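This report refers to the structure that appears directly beneath it.
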Amino acid sequence: MSDTISLPMRFGSNSGQSVTRRDGIAKVTGAATYAADNHPDGMLYAVFVPAAIARGRVTHFDTGAALAHPGVVEVFTPQNPPPVAGNPDEKPFMFAVPVEVLQSDRIRYARQPIALVLGETIEAATEGARLLNPRYEAETPRIGMDAEPATKAPSGPFGQPAEVIYGDVDAGMAASQQSVDLTYETPQQYHNAMEPHAIVAKWDGDRLEIDTPNQAIVLSRGFYAYYFDIPPENITIRSPYLGGGFGSKAVPYSPLVLAIAAARKVGRPVKLALRRDQMFGPVAHRGATRQQLRIGIDAQAKMTALDHISTATVDTFDSSFPEPACNASHGLYAAAALRSTMMTVRNDIGVPGAMRAPGEASGSAALECAMDEMAEKAGLDPLEFRLRNYAEREPGTDKPYSSKALRECYAEGAKRFGWAGRPMRPGQMTDENGMLVGWGMGTALFGAPMFAAEARATLRPDGTGLVETAASDMGQGAWTALAQIAADSLGLPLDKVEFRSGTSDLPDAGIAGGSGHTATAGGALHAAGKDAIARLAELAAADPDSPLYGTGNSGVTARDGRLFATGDESRSEAYEDIIARAGGSAVEGKGNASRPPEDAERHAMYAHGAVFAEVKIDPDLFQMRVTRMVGAFAAGRIINPKLAESQLMGGMIWGTSFALHEEARFDKRSGRIMNADFAGYHIPVNADVKGLEVITVHEDDPYVNPLGIKGVGEIGVTGSVGAIGNAIWHATGKRIRRFPIRIQDLLRAS
Ligand code: MOS
């Protein structure tokens, strides 16, 4: 029935408006509570002891000393682990990871939790953890890209093949007029959302309540059900606000599972909040890569071959998440032949995981620099070289793109940036202060996935709406953009719609990841709203006292809280009047969304963009500043331009971070990260971010999903890293093929 209602999304109503984030006031006034703000009665504080070595065994704890400290309530070590029902060394579901919950004295990586102390106060628990004073039997850790021979990955982290081949790359290379063969390195990067991971766990018999920031609330509920052998319905996860997620808050990690187990064992609620340094180990990171790129071109500078081999560091005990850098080479340039190969090197590190644009971020850093080097060799402007290799259909599959406004991104971005005046040779521009000036560019690409989600929409007797789905707002703006979609589907202004979200007791909104949350959860909300309107229309059409009597539910449209007869707008009725005469009960609709497999078969679906960067570099000291960036992105329908631009800008800032700042530095003897704090692990501050400009290029996509949404969460990182690396070359004439690019790299290359 609902499919007979035609209810197009309308710009100018709610979607398409730059609505200010609805949770903004609550956040800036402190009214919004984060996980660690919860303090149930009787709560204990948990502090875990992080392993000080990366490989070996823990042999002794001064448990008595810790227990003797005032306020220490319990100490868990591998001698007396709090019970966990599921096998922690298994990977029970896709996306899940093995966890360390004191099941063994083995140490797999530095900062692995090896003991947990519960105290009446955070101070008592902290001191108890210090007093445990662990002793170790250390083995030589395997750290770095050359720690072990590289082996071919069995598959990519999302089940993608480890090797992708079309055409004959060797023949393509042999037939090329010119070629490059270049190797780039990217470092391990660690998740450092503003809000470190935290959990408050409270048991009531076999019922479990958890406050924790989470990007996939209902999915995670299933994971926790596995670890504690209770039905998922017995678990409530509350995650109303997150201080960032970026891929690290989608699955349960060891410290969180351990805190829940401890709470069950002692029969009191437990809070565990990670310290900043504890983020550098058990809660996932981006693996390091070494990427070899070979590109061949013919006399017209068309690519005859693209060969991309990426070797990524993985842990030793799961190894299923090689940073899938090769993703960046698929689907973008029209190379006659392509081969990509994912390799892994085992390290004594925690499990790598999804980190903003996993694969595309690191892969495009290398690919876009290699494209620049190839363009230089061919004597072509980097943009012209990319246009010569513009793919009209997806390379390899020959599928048409569902939409692709990349040409427009190139054109609009280049125009706004002023690319046309760029000298071809490096080292040609200086500013009034004698700084070297360079301009570089990169192409941005990210997939446009959709997952599965469900939602509920209710029209209340007073004519207002309630929409519900267990979405996650990591700061990207789900509270706002999803409500805008829902309001449109219900034909109501935004302030007449209540949006309930952020708890696992609501319908499953899928994962807030893969840049697919707006499309997925939004699709479900849209369907639920349409369903509610269809039911309301049935009531009106069947009611002889309604002006809409006899219209049939296909003959109405919903707008401003009224149903209108299609083609005769003089016939209309307010929702509350229809509901009142029908007996006064709320009208409920349900909806779900997912992408039919045949849609994905027919079209290749990506968001695209072009990023242009300017750097200024001190000619003597090689201090580097990104002084301007312009990113032009085409990502289908933009629900909220203000929030989308903020997301894209955040991605470009992350690109700056990748290009110039972030790197975990290891002590190879201990296997420990030496810079596990914000003094040593650099991320951009305001002074590093200047002159950022984001353009969203109009793109109608009739195929990607019914709402035409592609997503903007991750694409901003891609392209940006290469643009900055290329700008640094353009300023200095020096090609630095390892990230982040540091002053000493430029000095050494002198
Ligand atoms: Mo993301 S790395 O899909 O949260």
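Just so we're clear, the structure is a prediction, and the values are computed from it rather than from any experiment. In each ligand, atom 1 is the first atom listed, and ligand 1 is the first ligand listed.
Tested against Lys249 for a side-chain hydrogen bond (donor to acceptor under 3.5 Å, both in side chains), the candidates His191, Glu195, Gln215 yield a single pass: Glu195. Considering Glu360, Glu394, Lys710 as possible partners of Tyr606, the one that fulfils the side-chain hydrogen bond (donor to acceptor under 3.5 Å, both in side chains) test is Glu394.
Ion pairing between Arg108 and Asp318 fails under the 4.0 Å rule for side-chain N and carboxylate O. Salt bridge Asp677/Arg276: absent, no basic N to carboxylate O contact under 4.0 Å. Ion pairing of Glu185 with Arg290 is present here, as a side-chain N (NZ or NE/NH1/NH2) and a carboxylate O approach within less than 4.0 Å.
Note on ligand 1: Glu714 sits in its first shell, one or more heavy atoms being nearer than 4.0 Å.
Per-residue contacts place Pro358 under 4.0 angstrom from the following atoms of ligand 1 (heavy atoms of the residue considered): 2 (S). Atoms of ligand 1 lying under 4.0 Å from any heavy atom of Ala354, numbered from 1 in the order shown and given with element: 2 (S). Here is the list of ligand 1 atoms found below 4.0 Å of a heavy atom in Gln215: 4 (O). With ligand atoms numbered from 1 in the order given, ligand 1 contributes 2 (S) to contacts under 4.0 Å with heavy atoms of Met355. Less than 4.0 angstrom separates some heavy atom of Arg356 from each of these atoms of ligand 1: 2 (S).
The CD atom of Glu699 lies 13.0 Å from the CZ atom of Phe633; values are rounded to the nearest 0.5 Å.
Among all protein heavy atoms, the one lying closest to atom 3 (O) of ligand 1 is Gly514 N, 2.5 Å.
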